[in-house]
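The block underneath contains the structure these notes are about, expressed in structure tokens.
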Amino acid sequence: MGLFIAQILTGLANAGALFMVASGLSLIFGVTRVVNFAHGSFYMLGAYVGYSLMQVLSGMVGFWGAILLAGLIVGLIGVIVEICVLRPVYSAPELFQLVATFGVILVIQDLALMIWGPQDLLGPRAPGLKGVIRIMGEPVPQYDIALIIITPFVAIALWYLITKTRVGTLVRAATQDREMVGALGVNQAWLFTGVFFLGCALAGLGGALQLPKGGADLLMDFSIIGAVFVVVVIGGMGSLPGAYLAAVIISVLNVFGVTYAPQSTLVLMFVVMVIVLMFRPFGLLGKEEIAGEHGQTGEPERPIKPAGNRMRLLVMAGLFILALLPFYGGNFAVVLVTDIMIFCLFAASLHFMLGQGGLVSFGHAAFFGGGAYAAALFVTYADTPMELALVLAPICAGLAAVVIGWVCLRSTGVYFAMLTLAFGQLLWSLAFQWGDVTGGDDGLVNIWPSDWASDNDVYYYLAFVFCIGGILLLRQAAHAPFGYAMRAARDSARQAEAMGINTKRIQWVAFTFAGIMAGLAGGLFVFSKGSIFPNELETARSFDALIVVFLGGVKTLSGGWVGGAFFEGVKDYLTRFEYWRLALGLLIIFVVILGPEGIVGSLRKAGERIGLLKTPEDAK
């Protein structure tokens, strides 16, 4: 019984920092509708800033003062980020800010590396709380008890701020209807800035508070952000009580999981999220998302139309140049462009689902990596030839998409996106932990093409045919009646249903088709590299595809592959430098601010401005 109580207390202590970070993210999303993936970076900054302050401030007053100051300093850094990076893109397409926040992650990563170095920093013990308390014979750290006491006070203070003050009234009003708040004369810009300050300060406070338990390191941002999003989604986006309840549930279950089922700890919180959202599609205490409540969505989307003769000639010329690459490019160029084409097909498959169907997936790598693993497993255990494995890879990925789509499409918006993330993590955990079959962290190796395709030039042409063909097939589907039905379901599900369109079925088919194309890209990838490892199933791979879609242009048909080619080409060059993340992050932010329509949209506008392309008014 003593061990049981001690484990519960440990879980409650762990829930403290998690709740503070999650509550900040929930506030930011509730008011600004920014999916702030940089929130984990502010948590990391809180730990580093708190560590530095604790080296200067001594004693108990200095320790707790350093924690509070760390929260305030991180909050001020958040204000700078909000004003300089996010405010210029609030009117961009919905969720486009995700790209900007990813750029912020890269910038903060390298700035932290430059300031504090690559080594992990061990946090100091809390003065006066260095011992343990015995509860029924079981030791419980005194600092854990302190965290258990502090967290409810923070929660009550937030509750009072939100429910009993004028600022809280404005925040709650903005959560419900931002446009109405603006119409009543409230300065939305400074309201957003204030909320962003509070959210980032809470994240910094959480990072500083966990110093005695874990220290500070450069991987803190990615290690916490998944758990934070899970907590916010389980509790309900924008619900502070829900965030606290979910933080307690996840933290306590994780402590028991470590003790009794250590294999489950990698995916336990995602399993809980899937179960909750299947019965409560908007979280435990969340409210149903209202269509259109997310505010501005940028310039209205233009009707798509077949490419004109000039554009077709340009595309044909570009393909002709690509087809001749083995004759004038070296072996390195052939291998690099092969990788870029494969990634472009992967990105184009996500763009088809996101741009045409409005389905934002955080776990699309499940189908890319799933197709790659399917091909590798058939080759390894059934001695399947490459030709058959390339057929089986998209089939297996498509079957996985059928099942995953059936579950995920019960929810919408961010809840849908988080469900896809959960399934991506489940597949990653399966590949990582089932070492007897998948090779675990060592992966599967010696997955080479057939003899006739073993030459790099020959495999280049094989990838060229499949990747270009797959991208053209996705484009053709967008022009077909199916594509129009997808856009109808995306823009107005109720009107589409009234017209006789089964919107859920259309979205399910689109989800599956995108999974098949991603699986084909994964099959090509494994034979180009000769191996496959679990990192191809990680969330970071999904985010790469999501970022290039927004960089290329969500509201264009070419955004996926253009963004993919740009991102992979620039990344290959920048990674040769020590602080490449800083350069890449600044480049992403620069593109986002100056070209919120994406690369393709910005080039199209430039072409219309100088007269190379017709404007919509000229077309009429």
Side-chain angles (χ1 to χ4, degrees), residues 8 10-30 34-44 46 101 147-148 150-152 154-155 158-159 162 175 198-207 209-210 213-214 220-258 264-287 362-363 411 413-422 424-426 539:
I8 291 179
T10 301
L12 291 174
N14 294 341
L18 187 57
F19 163 70
M20 291 180 197
V21 184
S23 62
L25 179 63
S26 188
L27 280 172
I28 290 173
F29 178 84
V34 172
V35 183
N36 182 23
F37 273 102
H39 206 64
S41 298
F42 295 111
Y43 168 78
M44 179 182 72
T101 61
L147 288 179
I148 294 172
I150 290 171
T151 305
V154 175
L158 284 174
W159 170 83
I162 298 300
T175 302
L198 178 58
C200 293
L202 287 168
L205 188 65
L209 275 172
Q210 65 77 45
K213 293 173 66 67
M220 290 177 65
D221 49 356
F222 284 108
S223 64
I224 191 71
I225 193 63
V228 169
F229 267 96
V230 167
V231 165
V232 172
V233 168
I234 289 177
M237 299 297 289
S239 172
L240 293 180
Y244 183 72
L245 177 61
V248 170
I249 292 173
I250 292 300
S251 298
V252 171
L253 285 178
N254 190 60
V255 169
F256 281 101
V258 169
S264 70
T265 54
L266 292 176
V267 296
L268 182 60
M269 62 181 177
F270 294 102
V271 172
V272 173
M273 183 176 71
V274 171
I275 294 173
V276 169
L277 293 186
M278 286 185 68
F279 294 97
R280 296 278 300 177
F282 303 102
L284 295 173
L285 300 179
K287 297 179 180 180
F362 292 165
S411 299
V414 176
Y415 298 96
F416 166 84
M418 288 303 298
L419 276 175
T420 62
L421 172 65
Q425 284 295 108
L426 289 173
T539 306

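A quick note: this is a predicted structure, and the numbers were derived from the prediction, not measured.
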Would a 4.5 Å heavy-atom cut-off, applied to side chains only, mark [X] and [Y] as touching?
X	Y	answer
V228	Y43	no
D221	F42	no
F222	T539	no
P241	W159	no
I224	L18	yes
I225	F37	yes

So which heavy atom on [X] is nearest to which on [Y], and how close?
X	Y	value
H39	G199	CE1-O, 3.3 Å
S251	G11	CB-O, 3.1 Å
A422	V274	CB-CG2, 3.7 Å
S26	S239	OG-N, 3.3 Å
L277	S411	O-OG, 4.0 Å
P152	Y244	CG-OH, 4.0 Å

Can you name the residues that form a ring pair (Phe, Tyr, Trp, His ring centres under 6.0 Å) with F270, not counting sequence neighbours? none
Approximate separation, where rounding is to 0.5 Å, of [X] [atom1] and [Y] [atom2]:
X	Y	atom1	atom2	result
K213	N14	NZ	CG	4.5 Å
M269	I249	CE	CD1	14.5 Å
I28	L198	CD1	CG	8.5 Å
M418	I234	CE	CD1	8.5 Å
L240	L245	CG	CG	12.5 Å
C200	L27	SG	CG	11.0 Å

All side-chain hydrogen bond (donor to acceptor under 3.5 Å, both in side chains) counterparts of T10, not counting sequence neighbours: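 T10: no side-chain hydrogen bond (donor to acceptor under 3.5 Å, both in side chains) contacts found.
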Okay, side chain of [X], backbone of [Y]: is any donor-acceptor separation there less than 3.5 Å?
X	Y	result
S23	F19	yes
T420	A417	yes
S223	M220	yes

Under the side-chain contact (heavy atoms from CB on, under 4.5 Å) rule, what do F256 and I8 come out as? Steps first, then yes or no, please. CA-CA 8 Å; F256 281 101; I8 291 179; 3.9 Å; yes
